[in-house]
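Structure, as structure tokens:
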Amino acid sequence: MLDRKSLIESIGITAVIASLLFVAYEIRQANRIALGTTSNELNRNWMAINELDVTDAGVRALLIALSDENFIPKDEMQREQAEGYARLMLNNWVAIEEAYNNGIASDALYMMASEDVRAHVAKRPGIVRIYKTVTSHFDLSQYSLLEPLLSAINGLQDQ
């Protein structure tokens, strides 16, 4: 039979364990909410880019022009537009990689972004020179998601 002191200690230990389990449950719920919120925000970024591609005739014309690997901006406005588009895409991909590395983006989202980078470089080879200019002041080598883009940029240096 337990004496009074042992009973109180047992109740205290049980309360501590219950509290720890509750905290663990709350942390897990918070992580799931963070994952869902981050995925939603990153997908909304993609939707905004897609909407821009579909609804803005100037952006569509730029994207068509960027399908030529020998793309040279026809004027300062088109150069600025191309650089802005490149920064928009880079910001989206970097955000996805950062979220993934911090455990708040899923493997599926990361893989989708990886395929997006590959497709982007393959479909719009003319933008590679633009990325070379835009990224010249940044070290992006830590972002494995950008490897296809960085390889294409490095390929330009060999020409």
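Only this structure's heavy atoms are used, side chains among them; waters, hydrogens and symmetry mates stay out. What you are looking at is a predicted structure, and each value in this text was computed from that prediction instead of being measured.
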(request) Among residues two or more places apart or on two chains, list those pairs meeting ring-ring contact (aromatic ring centres under 6.0 Å, His included) that have a residue in residues 75-109. (result) Trp93-His120, Tyr100-Tyr110

(message) Is it the case that the side chain of Arg60 and the backbone of Val54 share a donor-acceptor pair, with hydrogens and angles ignored and the cut-off at 3.5 Å?
(response) yes

(message) Could you tell me if the side chain of Asn45 sits less than 4.5 Å from the side chain of Ile96, heavy atoms only?
(response) no

(request) Look up atom NZ in Lys132 and atom CG in Leu149, then write down how far apart they are to the nearest 0.5 Å. (result) 12.5 Å

(message) Take a 6.0 Å sphere around CE of Met77 and say whether it holds more than 12 heavy atoms from other residues, nucleotides or ligands.
(response) no

(message) Within the 3.5 Å criterion, strictly below it, is a donor on Glu147 or Ser151 matched to an acceptor on the partner's side chain?
(response) yes

(request) Taking salt bridge (Lys or Arg N to Asp or Glu O under 4.0 Å) as the test, write out the residues that go with Arg118, two or more places apart. (result) none

(request) Starting at CG of Leu63, measure out to CG of Asp53 and round the result to the nearest 0.5 Å. (result) 5.0 Å

(request) State the CZ-CG distance between Arg87 and Asn91, to the nearest 0.5 angstrom. (result) 8.5 Å

(request) Say whether, by atom type as modelled, one donor and one acceptor occur between the side chain of Gln78 and the main chain of Pro73 under 3.5 angstrom. (result) no

(message) Taking Leu52's backbone N and O only, do any of them form a donor-acceptor pair with Asp56's side chain (distance below 3.5 Å, no angle check)?
(response) no

(request) Return the minimal non-hydrogen interatomic distance between Leu145 and Ala113, and the atom names on each side. (result) CD1-C, 3.6 Å

(message) Tell me whether Asn102 contacts the main-chain N or O of Ile104 through its side chain, where contact means a donor paired with an acceptor under 3.5 Å.
(response) no

(message) What's the separation between atom CD in Glu69 and atom CG in Leu156, rounded to the nearest 0.5 Å?
(response) 9.5 Å

(message) Taking Leu146 as the starting point, is it possible to reach Trp46 by hopping between hydrophobic residues whose side chains are less than 4.5 Å apart?
(response) yes

(message) Let me check something: do Met112 and Val94 share a hydrophobic cluster, defined by ILVMFWY side-chain heavy atoms less than 4.5 Å apart, either directly or through other members?
(response) yes

(message) Asn40 vs Thr37, test: side-chain hydrogen bond (donor to acceptor under 3.5 Å, both in side chains). Steps then yes/no.
(response) CA-CA 5 Å; Asn40 185 41; Thr37 300; over 6 Å; no

(message) Test of understanding: clusters of I, L, V, M, F, W, Y form through side-chain heavy atoms closer than 4.5 Å, transitively. Do Phe138 and Met89 belong to the same one?
(response) yes

(request) For Ser67 and Lys123, run side-chain contact (heavy atoms from CB on, under 4.5 Å): C-alpha distance rounded to whole Å, both residues' side-chain angles, the deciding distance at 0.1 Å, then the answer. (result) CA-CA 6 Å; Ser67 66; Lys123 188 173 181 178; 5.7 Å; no

(request) Report the distance from atom CD of Glu80 to atom CD1 of Ile130, rounding to the nearest 0.5 Å. (result) 10.0 Å

(message) Using modelled atom types and a 3.5 Å cut-off, is there a donor and acceptor pairing between side-chain atoms of Gln81 and backbone atoms of Leu62?
(response) no

(message) Measuring from atom CD1 of Ile153 to atom OG of Ser136, what distance do you get when rounded to the nearest 0.5 angstrom?
(response) 9.5 Å

(message) Taking Asn70's backbone N and O only, do any of them form a donor-acceptor pair with Arg129's side chain (distance below 3.5 Å, no angle check)?
(response) no

(message) On a heavy-atom basis, which atom in Ala99 and which in Leu42 lie closest, and how many Å separate them?
(response) CB-CD1, 4.0 Å

(message) Taking Ile33 as the starting point, is it possible to reach Leu109 by hopping between hydrophobic residues whose side chains are less than 4.5 Å apart?
(response) no

(request) Please answer: with hydrophobic residues joined when any side-chain heavy atoms are less than 4.5 Å apart, are Leu66 and Ile64 in the same cluster? (result) no

